[in-house]
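All of these numbers come straight from a predicted model, not from anything done at the bench. In the text below, chain A, chain B and the rest are named by the order of the sequence lines, each starting its count at 1.
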Protein chains: 2
Amino acid sequence: MPRSREENERIRQSAMANIGSAAMEVFLERGYHAASIEDIAKRAGVAKGLIYNYYRGKEGLLAEIVRARTDEIAGVIEEAAASPEPSEQLRRIVEGALGHIDRNPKAYRFFLHLQTQPEEDKILSKYSEMLNKEMSRQFETQCDIFRRMGAEEPVLRSLYFSSTLHGVMLMKSVYPGYPVEEIQALIIREFCPDRPR
Amino acid sequence: MPRSREENERIRQSAMANIGSAAMEVFLERGYHAASIEDIAKRAGVAKGLIYNYYRGKEGLLAEIVRARTDEIAGVIEEAAASPEPSEQLRRIVEGALGHIDRNPKAYRFFLHLQTQPEEDKILSKYSEMLNKEMSRQFETQCDIFRRMGAEEPVLRSLYFSSTLHGVMLMKSVYPGYPVEEIQALIIREFCPDRPR
DNA sequence: GTCTATATTTGGATAGAC
DNA sequence: GTCTATCCAAATATAGAC
């Protein structure tokens, strides 16, 4: 007796998710170029061939992962924007960004690895581009926040803020024992003035 | 008539340097994994086979480049240490680091790409390790500087300083129009108090 | 000392059986 | 829907001629 359509659909969904998360794991562990389809198939417990049934190939897998990441970045902004207070918004950005990286340092490392890909790499630079674009959006919002806080040079200040924040994320993702908590406090003290004054 | 030993030696030196710098160029342009020996040979204007006469292979070429980089890092510290004034030392570190990256953004990007290589990549993580070690040395010196400046928490402050500095380098190497000059002024204002007080 | 030709390996992708 | 077997391209590395 043939499987029902619903049953098939469920199987497809589950297989696809399974392969997707296996790919995520292997990419984080090995990096994009060094990761092989073979590895991913092994990790997912399926045959190589099956992967091509669900994804366009290695690049298709990456595309999926990058999309998930941009969603995540957008989520942090959205979270921050929910507050009416600019100083509080900034604090949420800091906490959102550092909290996420603290939970999963390998992920940020991977994306950083991706973003530092040489531009000449036509395949990968496309995805690096996507990440940059999302970060640009975040940056715009940030500039607004600084404007509303009455900064003299909001854009420059926002840039300085971003630099610091990304520097911290970078260090955290590269050096295991990095004390995020303390540093986070420093950033907040530096950039987020207390409301009551 | 056979060539003299000196002549041979000269030719060897020159060929080796030629290949080495070609490798550097191609690595910066393409990244380690994507760069092929073929590319490097073409760039150097020699045959593929010859490269193996001078280097152990692709990895040997990378080793050479990383060694050059660690020397460069050490150079910045040395330069800074030449000043007796701690605040001035710090300023030299900032200027040295940012100056270098401004002159050659691709290089920093490449090394960052290398350092964000997943740890599981046994081959590359070795070189990533070498870079980290040199940076640790730099960090130690930095802590001393902050100590001598009378900071309350020199290590934490040094860490924060490094984070900011590397964040700026990261942004500069990824975003073309990044205004290093202005940001550099901000850092110096923040971390390097004027001597006369 | 350098080149050309070739061996070897690896990994992405496809075709067809079950 | 999944697997096995195979193809094909690319790239590292080596052998041997000049």
Sidechain N-carboxylate O distance under 4.0 Å for [X], [Y]:
| X | Y | result |
| --- | --- | --- |
| R109(B) | E119(A) | yes |
| E29(A) | R43(A) | yes |
| E140(A) | R137(A) | no |
| E38(B) | K42(B) | yes |

Problem - Close residues, residues 12-19 of chain B, relative to DNA chain D [heavy-atom separation under 4.0 Å] - result: none

Exercise for the section: Could I get the full list of side-chain hydrogen bond (donor to acceptor under 3.5 Å, both in side chains) partners for Y55(B), not counting sequence neighbours? Expected result: none

Practice task
Please name all residues satisfying side-chain hydrogen bond (donor to acceptor under 3.5 Å, both in side chains) with E95(A), sequence neighbours left out, ordered by chain then number.
Solution key: none

Euclidean distance, atom [atom1] of residue [X] to atom [atom2] of [N] [Å, nearest integer]:
| X | N | atom1 | atom2 | value |
| --- | --- | --- | --- | --- |
| L61(B) | dA11(D) | CG | P | 16 Å |
| D39(B) | dA10(D) | CG | P | 12 Å |
| I37(B) | dT14(D) | CD1 | C1' | 13 Å |
| E59(A) | dG11(C) | CD | P | 19 Å |
| R10(A) | dG1(D) | CZ | P | 13 Å |
| E6(A) | dG1(D) | CD | C1' | 16 Å |
| I11(A) | dC3(D) | CD1 | P | 12 Å |
| D121(A) | dA10(D) | CG | C1' | 15 Å |

Indicate whether the side chain of [X] and that of [Y] have a donor and an acceptor atom separated by less than 3.5 Å.
| X | Y | answer |
| --- | --- | --- |
| S163(B) | Y178(A) | yes |
| E9(A) | Q13(A) | yes |
| S36(B) | D39(B) | yes |
| S158(B) | Q142(B) | yes |

Exercise for the section: Just report the end-to-end axis angle for the helix from dG1(C)-dC18(D) to dC18(C)-dG1(D), five pairs per end, to 10 degrees. Expected result: 10°

Exercise for the section: Provide the full list of salt bridge (Lys or Arg N to Asp or Glu O under 4.0 Å) pairs with a residue in residues 124-133 of chain B, sequence neighbours left out, each pair given once. Expected result: E59(B)-K126(B)

Exercise for the section: Specify the residues of residues 40-58 of chain A, ordered by number, for which at least one heavy atom lies under 4.0 angstrom from an atom of DNA chain C. Expected result: K48(A), G49(A), Y52(A), G57(A), K58(A)

